[in-house]
J.: 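What follows is a structure written as structure tokens; I'll ask about it next.
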Amino acid sequence: MVNWVEAQKPLLHWLVHRAGLRQQAIEIEPGTVMCMWVPKHKATNKKAVVPEAAAITKTAIPAAPANAATSASEKPAVVLVHGFATEGIVTWQFQFGALTSQYDVYVPDLFFFGGSTTASADRSPGFQAECLAAALSRLGVERCTAVGFSYGGMVAFKMAERWPSLVTSLVVSGSVFAMTDSIGKATLDQLGFASSSELLMPESIKGLKALLSISMHKKLWFPDFLYRDFLEIMFSNRKERAELLEGLVISNQDAKVPTLDQRILLLWGENDNIFNLELAKKMKEQLGEKASVEIIENAGHLVHVERPCVYNLHLKKFLELVNSEDAEN
């Protein structure tokens, strides 16, 4: 039988190509490969290999190698970092086309999503951030705005904290600095789930309906066969993804507010049931005067999907602001 969700992928790939992006595999180290949609002038026909100087264990990301693809027409770079349910281009399907005329857009797949894999046992957001930073360096990206949603927001926060010269501004939706014991327990108790895996990796149509109901402000109806098709293709690598969820949680004692000097936009759905608006306001206070909060009405956790036009308007306004400030400095 035809999987109707899988059948949409060729159309999505066609749209990504029309927007000027190409898929590139970047080898970080043997056994660790990150796949990413990149501007076509940065893509090559072979796997890009991060040089030894960019080893992911290093705290400094090196300058781009001499053979990195460059173009006189390069635009400011925007990196879209996806959440936990789906790969990059599915998560950002309503955003990449709105940005590519003015920006060089990069859409990575984090490990165990899309074609990205690693032999490393490290499952932390910090490891994802290290590898993403190394991959961007190999592609010649020296400065960027990172846009992170949910799980991708935690990765983006880590990357911004560790490499402020790379991530010069930040947009985060539906996320936190880190998933602490208390935040995780409070969220699961409020939503009525026993574990993060039960919430984020449903195994049944009923579970998937519950996840979407929690994630969206407006309740949508789909026939059961579409839910079944979605389950078949979107929740692969279950063992590794369960380990990613375990690697998210840190103790309250280890939690700290990152020191970030970048301009930061917290772009939030007013009705986010997973990371509510009060968390966003608290983070804004902790981050200081360079952070701002924009609230999108009639939207839940999946704010960029439910209200894409409004989301894109706020995002592009912020990008214009930070890039005009860069031009002045």
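The first residue of the sequence shown is numbered 1, and numbering continues consecutively from there.
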J.: Under 4.0 Å between a Lys/Arg side-chain N and an Asp/Glu carboxylate O for Glu243 and Lys239?
T.: yes
J.: If you round to the nearest 0.5 Å, how far is OG of Ser215 from CG of Leu200?
T.: 8.0 Å
J.: Among Leu110, Asp109, Leu132, which one satisfies side chain to side chain contact (heavy atoms under 4.5 Å, CB included) with Met36?
T.: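 Considering Leu110, Asp109, Leu132, a side chain to side chain contact (heavy atoms under 4.5 Å, CB included) with Met36 is found only for Leu132.
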J.: Is there a continuous path of hydrophobic side-chain contacts, each under 4.5 Å between heavy atoms, that joins Phe94 to Phe222?
T.: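 Linked, Phe94 and Phe222 end up in one cluster.
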J.: Has Gln190 got a side-chain atom pairing as donor or acceptor with Thr187's backbone, closer than 3.5 angstrom?
T.: no
J.: Can a salt bridge be assigned to the pair Lys9 and Glu87 using a cut-off of 4.0 Å between side-chain N and carboxylate O?
T.: yes
J.: Could you pull out the closest heavy-atom pair between Val107 and Ile89, with the gap in Å?
T.: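 So the two residues come closest at CG1-N, 3.8 Å.
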J.: For Pro125 and Gly247, work out which heavy atoms get closest and say how close.
T.: CD-O, 3.7 Å
J.: Say whether Phe96 and Val310 are linked into one hydrophobic cluster, either directly or through other cluster members, by side-chain heavy-atom distances under 4.5 angstrom.
T.: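 Yes, same cluster.
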J.: Counting N and O atoms only, with roles assigned by atom type, does the side chain of Ser116 sit under 3.5 Å from a partner on the main chain of Cys35, one being a donor and the other an acceptor?
T.: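 Yes.
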J.: Considering non-hydrogen atoms only, spot the tightest contact between Asp181 and Ser251 and give its length.
T.: OD2-CA, 3.2 Å
J.: Is the count of non-hydrogen atoms from other residues, nucleotides or ligands lying under 6.0 Å from Lys218 atom NZ greater than 12?
T.: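 Atom NZ in Lys218 is not crowded, with 12 or fewer foreign heavy atoms closer than 6.0 Å.
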J.: At what distance, to the nearest 0.5 angstrom, does CG of Asn298 lie from NE2 of His217?
T.: 4.5 Å
J.: Could you go through Ile205 and Lys209, starting from their C-alpha distance and side-chain angles, then the distance that decides it, and tell me whether this counts as side chain to side chain contact (heavy atoms under 4.5 Å, CB included)?
T.: CA-CA 6 Å; Ile205 291 174; Lys209 287 181 177 180; 3.7 Å; yes
J.: Are Met154 and Val176 close enough that some pair of their side-chain heavy atoms sits under 4.5 Å apart?
T.: yes
J.: Search all heavy atoms of Leu170 against all heavy atoms of Thr145 and return the closest pair with its distance.
T.: N-CG2, 4.3 Å
J.: State the CD-OH distance between Glu294 and Tyr311, to the nearest 0.5 angstrom.
T.: 12.0 Å
J.: Taking everything shown except Lys284 itself, do over 12 heavy atoms lie less than 6.0 Å from its NZ?
T.: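 Counting neighbours around NZ of Lys284, more than 12 heavy atoms of other residues, nucleotides or ligands fall under 6.0 Å, so yes.
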J.: Is there a path from Leu265 to Leu321 through hydrophobic residues (I, L, V, M, F, W, Y) whose side chains come within less than 4.5 Å of each other?
T.: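 No; Leu321 is not reachable from Leu265 via cluster members.
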J.: Does Ser195 form a side-chain hydrogen bond (donor to acceptor under 3.5 Å, both in side chains) with Ser197? I'd like the steps, not just the answer.
T.: CA-CA 5 Å; Ser195 68; Ser197 293; 4.8 Å; no
J.: For residues His82 and Trp92, establish whether the separation of their ring centroids is below 6.0 Å.
T.: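 No, the ring of His82 stays outside the 6.0 Å limit from the ring of Trp92, centre to centre.
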J.: On a heavy-atom basis, which atom in Lys158 and which in Ala129 lie closest, and how many Å separate them?
T.: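 The answer is CB-CB, 3.8 Å.
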J.: Can you tell me if Ser173 uses its side chain to pair, donor with acceptor, with the backbone of Leu267 under 3.5 Å?
T.: yes
J.: Would you call Met201 and Phe84 a side-chain contact if the rule is heavy atoms closer than 4.5 Å?
T.: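 Contact flag for Met201/Phe84 side chains = yes.
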J.: Would you compute the distance between atom CG of Asp326 and atom OG of Ser169 and round it to the nearest 0.5 angstrom?
T.: 7.0 Å
J.: Taking Leu12 as the starting point, is it possible to reach Val305 by hopping between hydrophobic residues whose side chains are less than 4.5 Å apart?
T.: yes
J.: As an exercise, state the distance from CD1 of Ile26 to CZ of Arg138, rounded to the nearest 0.5 Å.
T.: 9.0 Å
J.: Just wondering, do Thr168 and Val322 contact through their side chains at under 4.5 Å, heavy atoms?
T.: no
J.: Validate the cation-pi geometry between Arg241 and Phe113: distance from NZ or CZ to the six-membered ring centre under 6.0 Å, angle to the ring axis within 45°.
T.: yes
J.: Indicate yes or no for a side-chain donor-acceptor contact from Glu306 to the backbone of Met216 under 3.5 Å, with no hydrogens or angles considered.
T.: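 No, because the side chain of Glu306 does not come within donor-acceptor range (under 3.5 Å) of the backbone of Met216.
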J.: Please tell me if the side chains of Lys316 and Leu99 come closer than 4.5 Å, counting only heavy atoms from C-beta onward.
T.: yes
J.: Taking C-beta and beyond as the side chain, do Pro164 and Leu260 meet within less than 4.5 Å on heavy atoms?
T.: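 No. Closest side-chain heavy atoms not under 4.5 Å.
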J.: Decide yes or no on side chain to side chain contact (heavy atoms under 4.5 Å, CB included) for Cys131 and Thr32, but give the supporting numbers first.
T.: CA-CA 9 Å; Cys131 292; Thr32 296; 4.2 Å; yes
J.: Compute the centroid of each ring, for Phe127 and then for Phe111, and state whether the two points are separated by less than 6.0 Å.
T.: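 Between Phe127 and Phe111, the centre distance is under 6.0 Å.
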J.: Which atoms form the tightest heavy-atom contact between Pro202 and Arg238, and what is the distance?
T.: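 Smallest heavy-atom distance, with atoms named: O-NH2, 2.7 Å.
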J.: Determine, step by step, whether Glu6 and Asp229 satisfy the side chain to side chain contact (heavy atoms under 4.5 Å, CB included) criterion, reporting the C-alpha distance in whole Å, the side-chain angles of both residues, the deciding distance to 0.1 Å, and the verdict.
T.: CA-CA 8 Å; Glu6 181 72 23; Asp229 290 351; over 6 Å; no
J.: Centres of the His13 and Trp37 rings: under 6.0 Å?
T.: yes
J.: Quick check: do Leu319 and Leu315 have side-chain heavy atoms less than 4.5 Å from each other?
T.: yes
J.: For the pair Glu270 (side chain) and Leu277 (backbone), establish whether a donor and an acceptor sit closer than 3.5 Å, ignoring hydrogens and angles.
T.: no
J.: Output, in order, the C-alpha distance, side-chain angles, deciding distance and verdict of side chain to side chain contact (heavy atoms under 4.5 Å, CB included) for Lys282 and Gln286.
T.: CA-CA 6 Å; Lys282 181 179 179 181; Gln286 293 171 322; 3.6 Å; yes
J.: Counting only N and O atoms by type, is there a donor-acceptor contact under 3.5 Å from the side chain of Lys40 to the main-chain atoms of Gly20?
T.: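 Checking the backbone N and O of Gly20 against the side chain of Lys40, no donor-acceptor pair under 3.5 Å is found.
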J.: Report the distance from atom OG of Ser213 to atom CG of Leu220, rounding to the nearest 0.5 Å.
T.: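 So the gap between those two atoms works out to 10.0 Å.
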J.: Linking I/L/V/M/F/W/Y whenever any side-chain heavy atoms sit under 4.5 Å apart, do Leu313 and Val105 land together?
T.: no
J.: Could Lys42 and Asp104 be called an ion pair, given the rule that one side-chain N must be under 4.0 Å from one carboxylate O?
T.: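 Here Lys42 does not pair with Asp104 in a salt bridge, since their nearest N and O are not under 4.0 Å apart.
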J.: Any side-chain heavy-atom pair from Gln128 and Tyr151 closer than 4.5 angstrom?
T.: yes
J.: Where the side chain of Trp268 meets the backbone of Lys281, is there a donor-acceptor pair that is under 3.5 Å apart?
T.: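 Flag not set: sc Trp268 to bb Lys281 has no pair under 3.5 Å.
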J.: Is it true that a side-chain atom of Arg143 and a backbone atom of Val167 form a donor plus acceptor pair closer than 3.5 Å?
T.: no
J.: Is the shortest side-chain heavy-atom distance between Thr86 and Phe230 below 4.5 Å?
T.: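 They are in side-chain contact.
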